[in-house]
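One structure, pasted below without further comment.
Reckoned from all heavy atoms, side chains included, excluding hydrogens, waters and symmetry mates.
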Amino acid sequence: MPELPEVETTRRKIEPLLRGRVIERIEHDAPHRYRDTHLAVGRRVTGLSRRGKYLMLQLAAAEADGEPDALHDLELIVHLGMTGGFRLEAGKHTRVTLTTDGGTLHFDDARRFGKMAVVRPGQYATMPTLAGMGPEPLTDDFEVADFVARAVTCGAVKPWLLSQKPVSGVGNIYADESLWTAQIHPAQTRLNAEEATRLYHAVREVMGAAVEAGGSTLSDGTYAQHDGEAGAYQHRHHVYDRAGKPCDRCGTTIEKIVLAQRGTHFCPQCQKVQRQKVGAV
DNA sequence: ATAAGCCCCTGTGGGC
DNA sequence: TGCCCACAGGGGCTTA
């Protein structure tokens, strides 16, 4: 469930299970994927936060006893990858088992693209995407003027969004949905101010609505939350996984292409590539 | 410095 | 039915 809305939904749902708990064991057999997890043992989870698609558990000495302003001296970073998620029961694809004084959570990850690491707070040198993460789309840190200025020189706009640099947390689904909303072709380069402004507002609108809906869960239920609850935003997709169906805005058949190795869905009528006029006033 | 390409993994579904 | 290929919501690394 790896885009911002799904990660944020996961954060909210597992927070009550973890906040204030002391980690007793973290079991797995892949130390290169789940780095330094032994450092978390014996510490108390004082809070759960999120940056882009990364979850972080704030850890403090167990004696801190859940005080909100306890000095947390380590962070457990979790990235769900493509297929990662927490479960109450162990399953065929359980990769990590996290036991606290309040119960057990299983990290399931069929494709094993998920990662964990225990680090000093803010020490993200081994995670370059996290270290260079752009602003959160739903906070005031995400500023239209800055976004517009960067978009003027950007390469193909969809890969640019996926880079996590202009804004954090946008993945394949929400990139396609945002570009449809803004009526911009995913392969367009160098947006003008008007286009970039539309895209800025589209990203905020789409991400906000998706968080509110609890994210997207595909029809096979793969991306349901730990308690089996599904998100609802999949019912509001306009282009993602809708190739061959009519555009909700103009009725033209939605197309699917491959762009930067990712499936890309768009309306060829509403989202035409605009060539910027050289020397335009 | 930035961008494009390949790679890491496993499972599933469609086409033959 | 069985096999093979293509594809799947991510990110890191190498190369140009």
Side-chain angles (χ1 to χ4, degrees), chain A residues 1-10 28-35 50-55 77-85 91-96 107-117 124-134 150-180 186-190 203 206-207 210-211 213-225 230-244 256-265:
Chain A
M1 44 193 82
E3 301 185 45
L4 185 153
E6 293 75 30
V7 177
E8 176 60 19
T9 303
T10 295
H28 58 79
D29 59 4
H32 60 292
R33 286 196 189 88
Y34 314 115
R35 293 198 318 260
R50 181 193 53 71
R51 268 296 272 139
K53 305 172 194 171
Y54 292 78
L55 271 176
I77 313 282
V78 180
H79 195 289
L80 303 178
M82 295 273 264
T83 56
K92 192 168 56 163
H93 302 121
T94 294
R95 309 301 185 194
V96 181
F107 180 68
D108 250 54
D109 185 16
R111 256 179 107 178
R112 299 184 196 259
F113 282 175
K115 291 179 173 61
M116 295 187 193
Y124 305 146
T126 61
M127 290 164 280
T129 301
L130 179 55
M133 189 67 69
R150 288 153 154 272
V152 171
T153 59
C154 78
V157 61
K158 181 178 172 185
W160 179 69
L161 282 178
L162 294 180
S163 76
Q164 308 301 301
K165 287 176 182 166
V167 60
S168 64
V170 178
N172 207 41
I173 291 178
Y174 299 109
D176 284 2
E177 294 299 320
S178 298
L179 289 164
W180 180 85
Q188 177 162 344
T189 59
R190 304 200 301 171
V203 168
V206 167
M207 296 302 249
V211 168
S216 301
T217 301
L218 296 195
S219 51
D220 60 4
T222 304
Y223 299 101
Q225 294 295 329
Y233 198 75
Q234 66 278 8
H235 303 302
R236 295 168 61 180
H237 293 173
H238 293 287
V239 284
Y240 180 78
D241 202 25
R242 290 197 68 242
K256 180 178 180 185
I257 60 172
V258 175
L259 181 61
Q261 291 92 237
R262 309 300 299 276
T264 297
H265 315 73

Legend entry - Met127(A) CE - dG11(C) C1' separation (whole Å):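 Value for this atom pair: 12 Å.
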
Inset, instruction - Could you provide the dot-bracket string of DNA chain C, using ( ) for intrastrand pairs, [ ] for crossing pairs and | for bases paired to another strand, with Watson-Crick or G-U pairs below 3.5 Å? - result: .|||||||.|||||||

Inset, instruction - Determine: side-chain N/O of Arg33(A) to OP1/OP2 of dC9(B), distance under 4.0 Å, yes or no. - result: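 Yes.
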
Legend entry - For atom CG of Leu80(A) and atom P of dA8(C), their distance in whole Å: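 Atom-to-atom, Leu80(A) to dA8(C), this comes out as 20 Å.
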
Inset, instruction - Considering just the side-chain nitrogens and oxygens of Gln261(A), establish if one lies under 4.0 Å of OP1 or OP2 belonging to dA4(B). - result: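 No, Gln261(A) has no side-chain N/O under 4.0 Å of OP1/OP2 on dA4(B).
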
Legend entry - Whole angstrom value for the distance that separates P of dC7(C) from CG of Leu259(A):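 Distance, rounded to whole Å: 14 Å.
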
Inset, instruction - Decide whether Tyr54(A) and Ser168(A) meet the rule of one side-chain donor and one side-chain acceptor closer than 3.5 Å. - result: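 Side-chain D/A pair, Tyr54(A) to Ser168(A): absent.
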
Inset, instruction - Can you tell me the distance, in whole Å, between the NZ atom of Lys165(A) and the C1' atom of dA4(B)? - result: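 Taking atom C1' of dA4(B) as the reference, NZ of Lys165(A) is at 13 Å.
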
Inset, instruction - Quick one: label Tyr54(A) by what it contacts on the DNA or RNA (base, sugar-phosphate, nothing), any heavy atom closer than 4.0 Å. - result: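 Result for Tyr54(A) = sugar-phosphate.
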
Inset, instruction - Give a yes/no answer on whether the side chain of His93(A) brings an N or O atom under 4.0 Å of OP1 or OP2 in dT10(B). - result: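 Result: no.
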
Inset, instruction - With heavy atoms under 4.0 Å as the rule, sort Gly114(A) into base, sugar-phosphate or nothing. - result: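 The answer is nothing, as Gly114(A) stays clear of every strand by at least 4.0 Å.
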
Legend entry - Selected nucleotide, minimal atom distance to Pro128(A) side chain, candidates dC13(C), dG11(C), dC9(B):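 The closest nucleotide is dC13(C).
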
Inset, instruction - Rounded to the nearest angstrom, tell me the gap between atom CZ in Arg111(A) and atom P in dT12(B). - result: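 Those two atoms, CZ and P, are 12 Å apart.
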
Legend entry - Length of the CG-P vector between Asp109(A) and dA8(C), whole Å: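 About 18 Å, once rounded to whole Å.
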
Legend entry - dC9(B) phosphate, OP1 or OP2, under 4.0 Å from Lys115(A) side-chain N/O: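 Negative; the distance criterion is not met.
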
Legend entry - Candidate pair Tyr174(A) and Glu6(A), rule side-chain hydrogen bond (donor to acceptor under 3.5 Å, both in side chains), full reasoning: CA-CA 11 Å; Tyr174(A) 299 109; Glu6(A) 293 75 30; 2.6 Å; yes

Legend entry - dG11(C) phosphate, OP1 or OP2, under 4.0 Å from Lys53(A) side-chain N/O: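 Looking at the OP1 and OP2 atoms of dG11(C), one of them is under 4.0 Å from a side-chain N or O of Lys53(A).
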
